[in-house]
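Proteins get letters first, then strands, A, B, ... in listed order; numbering begins at 1 in each. Just so it is clear, the structure is predicted and the values come from calculations on it, not from any experiment.
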Amino acid sequence: MRQKYIGKALPQLDSFHKVTGIAKYTHDISLPGMLHVKLVTSTEPHAEIINIDASEALKIPGVVAVLTGKDFPYRLGIYVGDRDVLAIDKVNWVGHPVAAVVAETMEAAEKAIDLVEVDYKPLKPVFDPFEALKEEAPIIHPKLGEYRRAPAFTPVPGTNIANKFTLRKGDVEKGFKEADVVVENRFYMPFVSHCYMETQSVVAHYHKDGTIEIWTSAQSPFAVRNLMGLSLGIPIGKIIIYQPFVGGGFGGKAGLHWEPLAALISKKVGYKPVKLKLSRKEQFTSAPVREGFHAEVKVGAKRNGKLTALKAKFILDSGAFADYTVNVSRAAGYSVGEVYDIPNVYCDSLAVYTNKVPTTAMRGFGHPESAWAVERSIEMLANELKMDPLKLRLMNVVKAGISTTVTGERLREDAGNPVQCLEAVAKAINWGKTEEKPKEPWKFIGKGLAVFSKGPAQPPNAASAAIIKINEDVTVDLMVGTGNFGQGTLTSLAQIVADELGVPVEKVRIRTMRSTDTVAYTWQTVGSRGLFTDGNAVLEALKDAKKQIKEVASQVLRVKPADLEIKDGKVMVKGRPWENVPLSDIVMGYTYPNGNSIGGPIIGRGKYISPINTYLDPETGQGIPTIFYTFGAAACKVEVDVLTGKVKVLEAAQAFDLGKAINPLLVRQQVEGGFIMGLSVALFEEIQFDERGWVLNPNFSTYWVARAADIPSKIDTIPVENPQKDAPYGARGIGEVVMLGVPPTIANAVQNAIGVNINNLPLTPENVWKAIKKQRPELVEEIKKKLVSWKWKV
Amino acid sequence: MGKKISFILNGVKREVYVEPNELLLNVLREKMGLTGTKYGCGIGECGACTVLLNGNPVLSCLTLAMDVDGKELVTIEGLAQEELQIIQRTFLEEGAVQCGFCTPGIIIMAKSLLKNKTNPTEEEIREYLKGNLCRCTGYVNIVKSIKRAAGKACKKC
C-alpha cells in the first residue's frame with residue numbers, strides 16, 4: 001500500500017469551519033422555546049441546608065421554576081458516585097450548586113438567582129487534606145459507604161478518604177539499606193483550572209415519550225450516555241448524546257457533568273428544552289478543577305548513581321467531590337518512577353475530601369503529579385551525588401524488552417526508547433555547554449531536563465469501535481465515537497482511511513457532530529487513547545470493508561480475492577492493473593449488463609479492546625495498567641532574575657517516542673501547545689482560596705494563563721519513531737505527555753541557574769524570590785553589592 | 001421593546017431593537033444569529049468576543065449594543081464571502097487552529113494588526129495578541145500565520 005497521507009503534515013480537516021465562524025459549539029445551540037438555567041450557589045463551605053425560599057424569585061416575570069436538591073435524589077459519578085445533581089441536605093464547598101432557576105430569558109434567570117434565600121446551619125469545614133485525615137475531622141461524605149463505585153477503587157467509609165491506592169514492588173527498606181545516598185523531600189502542586197476556552201454547557205430536551213436528547217460540551221459522548229443511564233436509572237436506549245464542536249477539554253470535560261441536571265430540569269418544566277451555560281466565574285468555582293497535590297518522596301541510589309529504592313506518599317487534596325480524582329490518585333500512584341528501572345518501590349496515594357472546589361481529570365492524569373515529585377527528586381539526587389543529571393537519568397531509565405516497570409510489567413520489546421528522547425533534547429539545548437553569562441549580574445542562565453512517560457489510565461476493558469460507510473461516489477464516512485476538541489485525532493484517522501482505501505483524503509468525511517445514535521462506540525476520549533484504540537478499530541473496519549469489496553470484485557474480474565489490490569479508486573488484479581473495476585461500480589453492489597446484481601452497500605466494522613491490561617492488585621498495585629507508554633523528555637534554558645524572582649524560559653525542546661508520526665503537523669501542535677500549557681502551570685497558575693474556602697481569583701486577570709507574549713521564541717519538537725507492533729502504524733498517543741514534564745524541567749533549570757530548589761508550584765516571581773532569600777541569602781547580598789557599582793544605562 | 005438601532009453588519013444595513021443594557025455580544029449571538037463571535041469570559045479578559053467596530057477591534061462583551069448605532073461592524077462571518085481571506089487561509093494551512101474557540105477573536109485581531117502595520121515583527125505580533133487567550137496552540141502557529149499573511153501583499157486581509 002502506498003503511503004500518500006500517513007506521515008504527511010495536513011491541517012485538521014474541520015479547520016474551515018473554525019476560521020469562518022460557522023463551527024457550532026454547544027454554546028451556539030438554541031432550540032425553539034428553549035428555557036435558560038442559572039445556578040444559585042453556596043456561600044458556605046460546609047453547612048446544612050435549613051430552608052430554601054424561592055418565593056421572591058418566582059415573582060420575577062419570565063421565571064418558570066426554581067428547583068433544589070430535593071427534586072433530584074440521585075448520586076452521580078464515574079468511579080465513585082459521590083456527586084449530587086444539586087446539593088442534597090448539605091453543601092460541601094463555596095460554589096456548590098444549591099438551586100437552579102429556570103426562566104424564559106437569561107436576564108430573568110440572572111435576576112432571580114439573587115432573590116433565592118437559602119438558610120444554612122454552618123458545620124465545621126476542613127480545607128487542609130492533612131487535617132481532613134485526622135480522626136476528629138468533620139466528615140464531608142457521611143454516606144461514602146453507600147455510593148456506587150467501580151471495582152478498582154477503595155473509599156474508606158467513616159473517613160474523608162475517597163480512595164487509597166498502594167504500590168509495593170520489591171523490598172523498599174532493603175533498597176534504602178543498599179543505598180549510599182538518600183534524598184528526601186516534600187512537594188506541592190496547587191489547584192489549577194483547565195481553562196478551556198469554551199465554558200461547560202449543555203442543552204437538554206426530555207421528550208414526552210421518554211427519549212432524552214442532549215447537546216453537550218463533554219469530551220466523551222458515550223460516557224455521558226452510560227453514566228446518565230446508570231446514575232438516573234434511565235434505559236441507555238432512551239438517551240441520545242450529540243457532541244458538536246467542543247472548545248477544548250484537557251480532561252476537564254471527561255466523564256459526566258451538567259447533563260443530568262439539564263435533562264431532569266427539562267422534564268420538570270414540562271418537557272421543554274433547556275440550556276445551561278457556565279459563566280467563567282462558575283467554571284472556576286462550581287465546576288471541577290485539577291486537585292491540589294502534596295507529596296513526600298524518598299529516593300536512594302548507589303554512589304555510582306544506580307537507583308535502589310523509591311518511597312512516596314501522595315495526598316491529593318480532592319475537594320468536595322472526587323468521583324474522577326480517585327482514579328487520578330491511582331494513576332499518580334502507579335506511575336511513580338514509571339520511567340525508571342527501580343527494584344524497590346513503595347507508594348501510598350490517597351485522594352482526600354476537603355471543603356473546596358471539586359476536582360477531576362486533567363491532561364496527564366496523575367502523571368504530572370508523580371513526574372513533578374520524582375523528576376525534582378532525581379535532580380536533587382544528582383546534585384547530592386555530584387553527578388550530571390542527564391547521565392543519572394540515562395543510567396536509570398527503563399529499557400524495552402528488559403526492564404520491569406514499577407507495576408511489575410516486563411516492558412514489551414517495542415515499547416519505545418527514553419534514552420533517545422533524552423539524548424535528543426540534550427543536544428537541542430546544547431546540554432553541557434556553558435552559556436554566556438548575561439551582562440546584568442542579577443540575571444542567571446540555567447538548563448534543565450526531565451524524562452517521563454504516559455499511557456492511558458483507562459479501565460482494562462475500555463473498548464472502541466469503528467464503522468466505515470462507503471457512499472455511491474466513493475466518499476467515505478468515518479464513523480467513530482472519539483471526540484474532537486482540538487487534538488485532531490479524526491484527521492489522523494482520515495489519513496489512515498485514505499491510504500488504506502486509496503482515495504483522496506478530501507473524500508473521507510469526518511463528522512463535525514458526533515451522535516451516540518449514529519457513530520460507533522468508544523468508551524471515552526481521554527488518556528491519549530484515541531489514535532491507538534480507535535485507530536485499531538478503524539484498521540479492522542478497513543480490513544472488513546476491503547474484504548467485502550474484494551469478494552465482489554473477484555467475481556467480476558474472475559480472480560481470487562487475494563490476487564486483488566485497491567488503488568487509486570479501483571480494484572485491480574495485482575501485476576495486471578489494466579484488469580480492474582472502479583470502486584464506484586462495487587460499493588453499492590455490482591450490476592452486470594443484464595441487470596443481475598451482486599454484493600451491496602459496503603459497510604466496514606471494527607473493534608478494539610485491550611487483551612493485555614489487568615486490574616491492579618489491591619494490595620501491591622502490581623499488574624498491567626496501560627496499553628502503551630509514550631516516553632518523552634523535555635529540556636529548556638531559563639533566565640532567572642534574582643532581584644525580582646522572575647523566571648523566563650528562553651528556549652525549549654521536547655522529544656517523544658510516539659512510534660510513528662501519522663501527521664507531523666498535529667504532533668507539533670500538541671507538543672507546542674502542551675509545552676506552553678505546562679509552562680503556564682509551572683510559572684503562573686494557582687487557584688487561591690481564602691481562609692473561608694472562597695476562590696479569590698476566579699477570572700483571567702487574577703488567574704494568569706500564558707499569553708502570546710509569555711512564550712519562548714524557540715520550542716523544538718523532536719519525534720522519535722520506534723513503532724509499536726500492536727499500534728496503528730506503530731503510533732502511540734501524545735495528547736498528554738507533551739505537558740506533564742514541563743514543570744520539573746523548568747524547576748530543574750532554575751536549580752541549575754541559581755542553586756535554589758523550588759518544590760512548590762507555581763514558580764511565580766514571589767515564590768522564587770522567597771526561596772532565593774531563604775536558601776541563598778548570600779547571593780542576594782552579593783548582588784546588592786554589585787548593584788552599587790552597576791552602571792545603569794539611561 | 002427597547003430602542004431601534006441601525007448599523008452596517010458585515011456589509012449589510014441592519015436594524016434591531018435593543019434594551020439600553022444589552023451587550024453587543026448577546027445581540028450578535030442571539031438576535032442576529034451570528035454565533036461565530038464567542039463568549040469566553042464575559043468580562044473582557046480573553047478576547048474571544050472581539051469584533052471590528054468602524055475598523056477597530058472591540059470586545060463585544062463589554063460594548064453596549066446601543067453604541068453601534070450608525071456604525072459599521074464586522075464579525076468573523078463577514079470576512080469570507082466567496083473565498084477565504086488570506087489571513088483565514090494562513091491560519092488554516094499553518095495549523096493555527098485547534099479547538100477553534102479562540103480563533104474568530106484572534107483572526108479579527110490579526111486583521112486589525114495587519115491593517116495598521118503591514119509587516120509586524122514576531123514580537124510585535126505577540127505583544128498585539130496579549131489580550132487573546134488560546135489554551136490549545138501555545139500561540140506558535142498563530143504567530144506564524146500572521147507573519148505569513150503579512151508577507152503577502154494583501155489589501156483585503
Side-chain angles (χ1 to χ4, degrees), chain A residues 9-12 14-25 27-30 106-107 194-199 245-250 277 279-281 283 484-488 665-666 668-677 679-680 699-701 705-711 713 715, chain B residues 19 21-22 26 29-30 33-46 48 75-80 84-85 87-89 91-107 122-123 125-143:
Chain A
L10 289 182
Q12 299 196 20
D14 55 6
S15 303
F16 182 91
H17 295 71
K18 294 168 179 172
V19 300
T20 52
I22 62 169
K24 286 265 183 282
Y25 298 77
H27 272 203
D28 309 329
I29 305 278
S30 193
M106 193 60 159
E107 293 69 39
H194 307 80
C195 299
Y196 29 73
M197 292 311 299
E198 183 199 24
T199 58
F245 282 88
V246 179
F250 311 112
K277 180 181 106 180
S279 69
R280 182 56 63 180
K281 186 182 169 210
Q283 192 67 64
N484 203 24
F485 32 94
Q487 337 84 303
L665 174 61
L666 302 193
R668 195 162 58 73
Q669 285 184 340
Q670 286 300 308
V671 178
E672 290 165 353
F675 185 86
I676 295 306
M677 193 174 194
L679 173 144
S680 188
N699 54 61
F700 289 140
S701 30
V705 174
R707 308 231 169 198
D710 298 320
I711 67 170
S713 54
I715 307 170
Chain B
E19 296 295 330
N21 63 348
E22 243 180 308
N26 297 342
R29 290 178 53 81
E30 284 150 30
L34 296 178
T35 55
T37 305
K38 300 298 182 200
Y39 166 95
C41 72
I43 49 175
E45 293 172 344
C46 78
T75 69
I76 186 72
E77 290 92 342
L79 298 195
L84 291 184
Q85 292 198 0
I87 186 72
Q88 289 171 305
R89 222 169 59 219
F91 262 65
L92 191 152
E93 289 168 2
E94 292 289 335
V97 182
Q98 286 187 227
C99 88
F101 205 78
C102 71
T103 308
I106 295 186
I107 287 183
E122 228 182 273
E123 208 167 321
I125 296 171
R126 287 198 210 148
E127 198 58 29
Y128 196 80
L129 292 182
K130 246 171 29 180
N132 290 72
L133 265 184
C134 168
R135 190 58 147 173
C136 296
T137 64
Y139 308 99
V140 180
N141 292 336
I142 291 174
V143 174

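- Contact count against chain B (heavy-atom pairs under 4.5 Å) is highest for A:C195 among A:A23, A:C195, A:S713.
- Using a 4.5 Å cut-off on side-chain heavy atoms (C-beta onward), A:R280 and B:I43 make no contact.
- Within the 4.5 Å cutoff, side-chain heavy atoms of A:R707 are placed close to those of B:L133.
- Using a 4.5 Å cut-off between heavy atoms, B:L84 touches chain A through its side chain atoms alone.
- Neither the backbone nor the side chain of A:L679 comes within less than 4.5 Å of any heavy atom of chain B.
- Residues A:T199 and B:G40 approach most closely at CG2-O, 4.2 Å, considering heavy atoms.
- Heavy atoms of A:F16 lying under 4.5 Å from chain B belong to its backbone as well as its side chain.
- For A:F700 against B:C41, the heavy-atom pair with the smallest separation is CD1-CB, 4.0 Å.
- In terms of heavy-atom pairs under 4.5 angstrom with chain B, the leader among A:V705, A:I676, A:V19, A:D710 is A:V19.
- Ranked by heavy-atom pairs under 4.5 Å with chain A, the list B:E123, B:E19, B:E45, B:E122 is led by B:E45.
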task: Evaluate the side-chain contact (heavy atoms from CB on, under 4.5 Å) criterion for residues A:Q669 and B:N141: first the C-alpha distance (whole Å), next the side-chain angles of each, then the deciding distance (0.1 Å), finally the verdict.
output: CA-CA 8 Å; A:Q669 285 184 340; B:N141 292 336; 3.8 Å; yes
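- Counting only distance, with no hydrogens or angles, the side chain of B:R135 and the backbone of A:M197 share no donor-acceptor pair below 3.5 Å.
- Contacts of A:H194 with chain B are made by backbone atoms alone, with heavy-atom separations under 4.5 Å and no side-chain atom involved.
- Interface residue A:E672: backbone and side-chain heavy atoms are both found under 4.5 Å from chain B.
- With a threshold of 4.5 angstrom between heavy atoms, A:V246 approaches chain B through N, CA, C or O but not through any side-chain atom.
- Applying the salt bridge (charged side-chain N to carboxylate O under 4.0 Å, His left out) test to A:D28 and every residue at least two apart in sequence or in another chain returns B:R29, B:K38.
- In this structure, the side chains of A:Q670 and B:Q98 come closer than 4.5 Å at one or more pairs of heavy atoms.
- Using bins of under 30°, 30° to 60° and over 60° for the plane-to-plane angle, the ring pair A:H27/B:Y39 lands in the tilted bin.
- In this structure, B:C136 and A:F250 have side chains that are in contact, with non-hydrogen atoms separated by less than 4.5 Å.
- The contact between A:S680 and chain B is made entirely by side chain atoms (from C-beta outward), counting heavy-atom distances below 4.5 Å.
- Across all their heavy atoms, A:Y25 and B:F101 have their closest contact at OH-N, 3.5 Å.
- Interface summary for chain A: among B:I76, B:T103, B:N21, the most heavy-atom pairs under 4.5 angstrom belong to B:I76.
- Looking at every heavy atom in both residues, B:A80 comes nearest to A:T20 through CB-CG2, 4.3 Å.
- The shortest heavy-atom contact between A:A708 and B:R126 is O-CD, 2.8 Å.
- One N or O on the side chain of B:Y139 and one on the backbone of A:A706 form a donor-acceptor pair closer than 3.5 Å.
- Ranked by heavy-atom pairs under 4.5 Å with chain B, the list A:S279, A:S30, A:G488, A:G249 is led by A:S279.
- Distance check: B:C99 SG to A:D14 CG gives 10.5 Å after rounding to the nearest 0.5 Å.
- With a 4.5 Å cut-off on non-hydrogen atoms, A:K277 touches chain B through its side chain but not through its backbone.
- In this structure, CE in A:M106 is found 8.5 Å from CG in B:N26, a value given to the nearest 0.5 Å.
- Of the two parts of A:I711, the backbone and the side chain both hold a non-hydrogen atom closer than 4.5 Å to a non-hydrogen atom of chain B.
- When heavy atoms are compared at a cutoff of 4.5 Å, B:N132 approaches chain A solely by way of its backbone atoms N, CA, C and O.
- Chain B forms more heavy-atom pairs under 4.5 Å with one residue of A:K281, A:E198, A:E107, A:M677 than with any other, namely A:E198.
- Note on residues 91-107 of chain B: pairs passing salt bridge (charged side-chain N to carboxylate O under 4.0 Å, His left out), not counting sequence neighbours, are B:R89-B:E93, B:E93-B:R148, B:E94-B:R148.
- For B:T35 against A:K24, the heavy-atom pair with the smallest separation is OG1-NZ, 3.1 Å.
- Taken to the nearest 0.5 Å, the NE2 atom of A:H17 stands 11.0 Å off from the CG atom of B:L92.
- The contact between A:F485 and chain B is made entirely by backbone atoms, counting heavy-atom distances below 4.5 Å.
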